[in-house]
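A short write-up of the structure that comes next.
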Amino acid sequence: MVDPVERKVTPEEQQIRENPPAHVAIIMDGNGRWAKSRGFSRIRGHRAGAESIREIVRSAGELGVGFLTLYAFSVDNWKRPRREVAALMNLLKRFLAGEERELQRNNVRLWTIGRISEFPPDVQHAIDAVVKSTAGNTGLTLVLALNYGGRAEITDAVRALCEKSARGEVRAGEIDEALISRSLYTADIPDPDLLIRTSGEMRVSNFLLWQISYAELYVTPVYWPDFRRQHFVRALLDFQKRERRFGGVEPPPNY
Ligand code: FPP
């Protein structure tokens with residue numbers, strides 16, 4: 001079926017579609033500063049940020065990106081004022097309910113990483129419902145990092161491996177990088193090729209610490225609520241110009 005609102009693909013977008021990255025991860029930063037610069041509440045900044053998520057998810061799917069991981073709530077975000085945390089939970093629930101149809105329409109599958117079991121039960125149900133209803137989709141996989149921390153993830157993996165070892169299911173000598181990767185929340189997800197951070201801060205903020213070892217970094221001063229398709233396209237074009245050597249002197253064969 002031809003989508004009546006399908007946009008014309010620009011030559012730059014076509015260039016990306018010919019060799020899209022398998023996995024793009026984004027630290028969506030700057031909602032608060034975006035709001036402050038306009039005299040709005042921080043919560044309004046988050047609401048505007050949810051609009052950017054909508055547009056970037058759609059764009060990533062259209063550009064052929066395989067996985068898009070968005071840092072939506074970190075293990076440290078509980079330290080924010082209670083009202084802001086409650087608003088973020090509400091926004092997440094509203095986003096899931098409101099976006100479900102759009103995700104289906106665009107063949108997007110939703111996954112999550114993080115300690116979801118620490119979220120309020122109603123939020124967990126809302127997440128589960130959309131993960132289940134989109135499980136059969138075959139286009140983009142949208143991975144929401146929720147109550148996520150890179151150190152927490154590694155801690156959980158070490159704990160799981162120790163438990164397996166105590167049960168005699170794994171020996172210390174068998175623990176290698178591949179087994180650690182398979183023990184992380186991201187076991188079924190390729191490592192990110194590109195990590196984008198909005199709003200100009202030069203930090204990785206406890207995001208995908210193990211997985212970004214060889215990711216290309218792209219930092220833009222644009223605040224997340226202003227980050228739109230054209231900014232995403234610019235980041236992907238910049239990524240295509242990078243020469244990745246993975247510690248060697250030349251790009252690996254078949255890369
Ligand atoms: C950082 O902005 C952003 C977050 C705390 C997480 C991202 C949240 C959203 C995009 C809201 C919508 C989320 C969903 C899943 C619907 P900040 O508040 O740290 O910005 P600042 O550094 O300028 O204060």
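Each ligand, and each atom within it, is numbered from 1 in the order the structure gives.
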Please write down residue, atom name and distance for the protein heavy atom closest to atom 3 (C) of ligand 1.
M28 O, 3.0 Å
Report the member of F95, F73, Y71 with the shortest heavy-atom distance to atom 16 (C) of ligand 1.
F95
Write out the residue and atom name of the closest protein heavy atom to atom 24 (O) of ligand 1, then the distance separating them to 0.1 Å.
R42 NH1, 3.0 Å
Evaluate W34 for polar contact with ligand 1, using N/O atom pairs at a separation under 3.5 Å.
no
Could you tell me if D191 and W210 have a donor-acceptor pair between their side chains, going purely by distance under 3.5 Å?
no
Are any of the side-chain nitrogens in R33 or E201 under 4.0 Å away from the carboxylate oxygens of its partner?
yes
Tell me which protein heavy atom sits closest to atom 20 (O) of ligand 1, plus the residue, atom name and distance to 0.1 Å.
G32 N, 3.0 Å
Has E243 got more than 12 heavy atoms of other residues, nucleotides or ligands less than 6.0 Å from its CD?
yes
I'd like to know if the side chain of T134 pairs up with that of R109 as donor and acceptor (distance under 3.5 Å, no hydrogens or angles considered).
no
Establish, from distance only, whether the side-chain atoms of S52 and R228 form a donor-acceptor pair under 3.5 Å.
yes
Ring centers of F232, W224 separated by less than 6.0 Å
no
Out of E12, Q15, E18, E216, which residue meets the side-chain hydrogen bond (donor to acceptor under 3.5 Å, both in side chains) rule with Q240?
Q15
I need the nearest protein heavy-atom contact for atom 9 (C) of ligand 1: residue, atom name and distance, please.
N31 ND2, 3.4 Å
Checking the N or O distance criterion of under 3.5 Å, is ligand 1 in contact with R80?
yes
So if I count the atoms of ligand 1 from 1 in the order they appear, which ones are less than 4.0 Å from some heavy atom of D29?
1 (C), 2 (O), 17 (P), 19 (O), 20 (O), 21 (P), 22 (O)
I need the nearest protein heavy-atom contact for atom 13 (C) of ligand 1: residue, atom name and distance, please.
I53 CD1, 3.8 Å
Near L92, which atoms of ligand 1 are under 4.0 Å from a heavy atom of that residue?
15 (C)
Heteroatom proximity flag, A72 to ligand 1, N/O under 3.5 Å
no
What protein heavy atom sits nearest atom 11 (C) of ligand 1, and how far away is it?
H46 O, 3.5 Å
Ring-plane angle category for F67 and W111, please: parallel below 30°, perpendicular beyond 60°, tilted otherwise.
tilted
S199 to ligand 1, any heavy atom closer than 4.0 Å
no
Output yes when the distance from some N or O of ligand 1 to some N or O of N77 is under 3.5 Å, and no in every other case.
no
Quick note on ligand 1: atoms under 4.0 Å from a heavy atom of R33 include exactly 21 (P), 22 (O), 23 (O)
Parallel under 30°, tilted from 30 to 60°, perpendicular over 60°: which one fits the rings of W34 and F40?
tilted
Q124 and D128 side chains, donor-acceptor separation under 3.5 Å
no
List ligand 1 atoms under 4.0 Å from W224, heavy atoms only on the residue side.
10 (C)
Using a strict threshold of under 4.0 Å (side-chain N to carboxylate O), is an ion pair present between R234 and D238?
no
Tell me, please: is L144 in heavy-atom contact with ligand 1, that is, under 4.0 Å?
no
